[in-house]
Each structure stands twice: as C-alpha cells, then as structure tokens.
Amino acid sequence: MPLHIVSPLLHSQGLTNLLHRNIYVKMDAMQPSGSFKIRGIGYHCQQLYKQGKRHFISSSGGNAGMAVAYSGKMLKVPVTVYVPEATSKDLIAKIRDEGATVEIAGESWQEAHFAAQKLAEETGGGYVHPFDHPEIWHGHASLVDEWVAQNHQFDLIVLSVGGGGLLCGVVQGLMRHGLEKTPILAVETEGAASLNRSVKAGELVTLDRIDSIAVTLGAKKVTQQALEYAQNYPIHTHLVSDEEAVEACRLLAETHRVLVEPACGAALAGLQTYDLKPYKSILLIVCGGSNVSYRSFYP
Ligand SMILES: *Cc1c(COP(=O)(O)O)cnc(C)c1O
C-alpha cells in the first residue's frame with residue numbers, strides 16, 4: 001500500500017478562462033504530508049523498512065522532513081529530522097506534530113545534512129535525502145501513472161524545480177508509458193535557478209547562495225539526473241520572480257481555494273508568463289507545501 005493518495009485531477013475552469021488554454025490541475029497539495037513529496041519519500045521509506053531500517057533520518061526542515069515524519073508515523077518507525085537554524089517555527093511544530101524528533105543543526109542545509117548522515121552512520125538508521133535518490137524518483141513517477149490510468153494526456157506538463165526530484169520522477173513516469181516526448185515546463189524562481197544555470201552552462205552549476213522567497217526551491221545544486229534529462233528531453237527551463245510566484249499563490253487560492261507555498265506558486269507563475277500558443281491541453285502540478293497559512297496572504 002502506497003503512503004500517498006491518488007490526488008484529484010481537475011479541469012480548472014478559472015485558469016482556462018484566464019489563459020485561453022485547457023488547463024488541468026493535479027492537486028498534490030492534498031497529499032497527507034502537504035506536498036507531492038510523500039510519493040517518492042514514502043516509497044523510499046518503505047524500501048528502507050524492507051531492508052530492515054527501523055529509524056529514519058532526514059535533513060530537511062521543509063516538506064521532505066514532513067514526508068519522512070509522516071512515513072515514520074505510518075510505518076511505526078522513529079524519525080529524527082535535522083533542520084537548519086532558520087527553519088520556521090511553524091514548520092518545526094508541524095514536523096513534531098507528526099511524532100518526529102527535531103534537532104537544530106547549524107546554519108545551512110549542508111550542516112543539517114552532515115549531522116543527519118553522521119547519525120545514520122553511527123546508528124545504522126536510514127538516511128532519507130530530500131530529492132536525490134532513484135527510489136524517490138520512482139515514487140514521484142506515480143503522478144503520471146494516475147493521470148494515464150484516468151485516460152488523460154497533455155501537450156505540456158508544468159512543474160517547479162528545486163533539487164529536481166519531481167522533474168526526474170515525472171520524466172520517468174512519462175517513460176513508463178512511452179510519453180517521454182511530452183514537453184515539460186520546468187520553473188524556478190530567479191534566486192534559485194540551479195537547473196536553469198546548469199542547462200545554460202552545459203554542466204552542473206552550484207549556486208553561491210539562494211536568494212528567493214521560495215526557500216523550498218533552494219537547492220544550490222540539482223541532481224545530475226535532472227540535468228541529463230533536461231539535456232535529452234523536451235524540457236524547457238523558465239524563471240519567474242518572487243513577486244510573480246507569490247501572486248500566483250493568491251490566484252490559486254482564489255480559483256481553487258487552496259493555499260500553497262511560493263515554491264508551488266512558481267509553477268503557476270511560469271504558466272502565466274510562458275508562450276502557451278503551441279499547447280492545447282496543459283497540466284499544472286500543484287505540488288503544495290506545508291510552509292504556508294492563511295495569515296501568509298490575509299495578515
Ligand atoms: C520539494 C518541493 C519542490 C521541489 O521539488 P524537487 O524535487 O526538490 O525539485 C517544489 N515544491 C514543493 C512544494 C516542494 O515541497
């Protein structure tokens with residue numbers, strides 16, 4: 001039994017009217033951990049469990065940490081999440097509410113990552129990376145299985161990119177069904193453009209720093225696999241501003257009554273600012289995110 005749900009796939013009349021294209025939304029904001037991440041991380045944790053791991057360790061103070069905490073709760077496995085100091089109190093509380101132990105570890109994700117790996121080595125626990133593992137991509141690919149099983153096909157898939165796990169998962173899902181020629185619009189914010197910069201450079205680029213409100217997209221370097229897919233499949237990288245991403249969150253709240261992080265708003269902002277003429281039927285992956293509340297928009 002997967003730990004994620006089959007998320008609603010809706011025709012968006014509001015976005016269709018606005019953008020003059022047939023827009024569908026895949027509502028992964030409805031997933032039990034608050035984002036699509038439970039698909040891949042849930043699957044990865046189940047595999048770790050099969051290998052005998054009885055402690056999961058995460059280095060993410062964001063939606064990956066939430067997904068590991070939820071997976072641990074469902075599999076009755078204790079979870080430790082190392083988070084950088086700047087992690088929002090709300091999110092730490094949400095991760096603790098799922099029953100996980102949260103440890104503050106240093107200033108950056110890198111330090112949390114090292115602390116998590118060290119604990120995993122010392123205790124034999126299972127380290128769960130936020131995006132860089134083939135089992136995570138395998139799990140994210142279930143997104144595509146779902147819309148194919150419902151007899152849908154799209155001319156363009158729109159999604160946001162942080163470390164590239166979601167992108168790799170969707171490409172692999174498309175491959176499973178012989179649909180890998182489907183174009184993908186891979187959206188980042190300008191201050192977190194690690195895929196865009198790597199594609200332009202023709203090699204993996206590590207950003208000096210992340211400068212975006214969409215902290216969830218703040219991977220300084222994408223996974224090698226994401227760059228390889230971007231070089232070999234019809235994947236268009238596209239940048240939006242923080243303001244556009246936040247405005248798109250508002251638009252989604254107005255049209256679909258759902259609150260999402262700027263990391264997810266970025267994908268919709270990408271859709272709003274890209275030339276959609278060649279595409280009739282478009283899927284927006286509403287990837288969600290827990291680091292948001294109504295106060296974010298209606299203070
Ligand atoms: C993790 C995440 C992303 C980016 O996913 P990657 O696999 O890191 O590219 C985008 N939006 C939300 C809400 C996320 O949680």
Side-chain angles (χ1 to χ4, degrees), residues 4 7 25-44 58-70 87-88 91 94-95 109 113 128-143 157-173 184-189 192-196 198-199 207 210 212-227 229-230 235 237-238 240 245-246 248-249 252 258-270 284-292 296:
H4 63 266
S7 62
V25 285
K26 182 74 173 150
M27 288 301 222
D28 262 41
M30 307 288 108
Q31 289 292 346
S33 76
S35 78
F36 75 96
K37 282 214 175 59
I38 187 58
R39 293 178 179 274
I41 286 180
Y43 178 75
H44 187 31
S58 164
S59 57
S60 158
N63 299 314
M66 279 293 294
V68 180
Y70 178 80
T87 307
S88 90
L91 215 56
K94 282 183 189 174
I95 294 173
W109 175 76
H113 174 67
V128 184
H129 194 282
F131 57 81
D132 200 3
H133 196 287
E135 284 169 5
I136 294 180
W137 312 331
H138 178 97
H140 291 341
S142 59
L143 268 163
I157 314 293
V158 184
L159 49 76
S160 58
V161 173
L166 175 59
L167 175 64
C168 290
V170 167
V171 172
Q172 291 188 2
I184 296 175
L185 186 63
V187 188
E188 296 167 297
T189 51
S194 40
L195 178 66
N196 179 270
S198 297
V199 167
L207 303 178
I210 300 297
S212 175
I213 195 173
V215 284
T216 298
L217 302 184
K220 286 185 182 168
K221 190 169 81 176
V222 294
T223 171
Q224 176 78 36
Q225 184 67 78
L227 175 60
Y229 284 150
I235 295 170
T237 78
H238 184 56
V240 297
V246 171
C249 291
L252 210 59
V258 58
L259 298 179
V260 299
E261 285 183 23
C264 174
L268 174 54
L284 171 69
I285 297 182
V286 180
C287 51
S290 290
N291 199 7
V292 63
S296 317

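Whatever order the structure lists them in is the order used to number ligands and atoms, beginning at 1.
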Show me a pair-per-line table, with atom names and distances to 0.1 Å, of protein N or O atoms that are under 3.5 Å from an N or O of ligand 1.
residue: ligand 1; atom: 7 (O); partner: Gly165; partner atom: N; Å: 2.9
residue: ligand 1; atom: 7 (O); partner: Leu166; partner atom: N; Å: 2.8
residue: ligand 1; atom: 8 (O); partner: Gly163; partner atom: N; Å: 2.8
residue: ligand 1; atom: 9 (O); partner: Gly162; partner atom: N; Å: 2.7
residue: ligand 1; atom: 9 (O); partner: Gly163; partner atom: N; Å: 3.2
residue: ligand 1; atom: 9 (O); partner: Gly164; partner atom: N; Å: 2.8
residue: ligand 1; atom: 9 (O); partner: Gly165; partner atom: N; Å: 3.4
residue: ligand 1; atom: 15 (O); partner: Lys37; partner atom: NZ; Å: 2.6
residue: ligand 1; atom: 15 (O); partner: Asn63; partner atom: ND2; Å: 2.8

Checklist entry - Do you know which two heavy atoms are closest between Ser142 and Arg39, and how far apart they sit? => result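 Distance-wise, the nearest heavy atoms are OG-NH1, 2.9 Å.
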Checklist entry - Of the non-hydrogen atoms in Ala219 and Leu207, which two are nearest, and what is the gap between them? => result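 Closest heavy-atom pair between Ala219 and Leu207: O-CD1, 4.4 Å.
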Next on the checklist: Determine whether the aromatic ring centres of residues His129 and Trp109 are separated by less than 6.0 angstrom.
Outcome noted: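 Between Trp109 and His129, the centre distance is under 6.0 Å.
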Checklist entry - Does Ile38 offer a backbone N or O that forms a donor-acceptor pair with the side chain of His4 under 3.5 Å? => result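 It does not hold such a pair.
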Checklist entry - How about Ser33 and Asn63: do any of their side-chain heavy atoms sit closer than 4.5 Å? => result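 The answer is no, as the side chains (C-beta and beyond) never meet within the 4.5 Å cut-off.
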Next on the checklist: Against Ile285, only a single residue in Leu268, Val170, Ile184 fulfils side chain to side chain contact (heavy atoms under 4.5 Å, CB included); can you say which?
Outcome noted: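 One option only clears the test, and that one is Val170.
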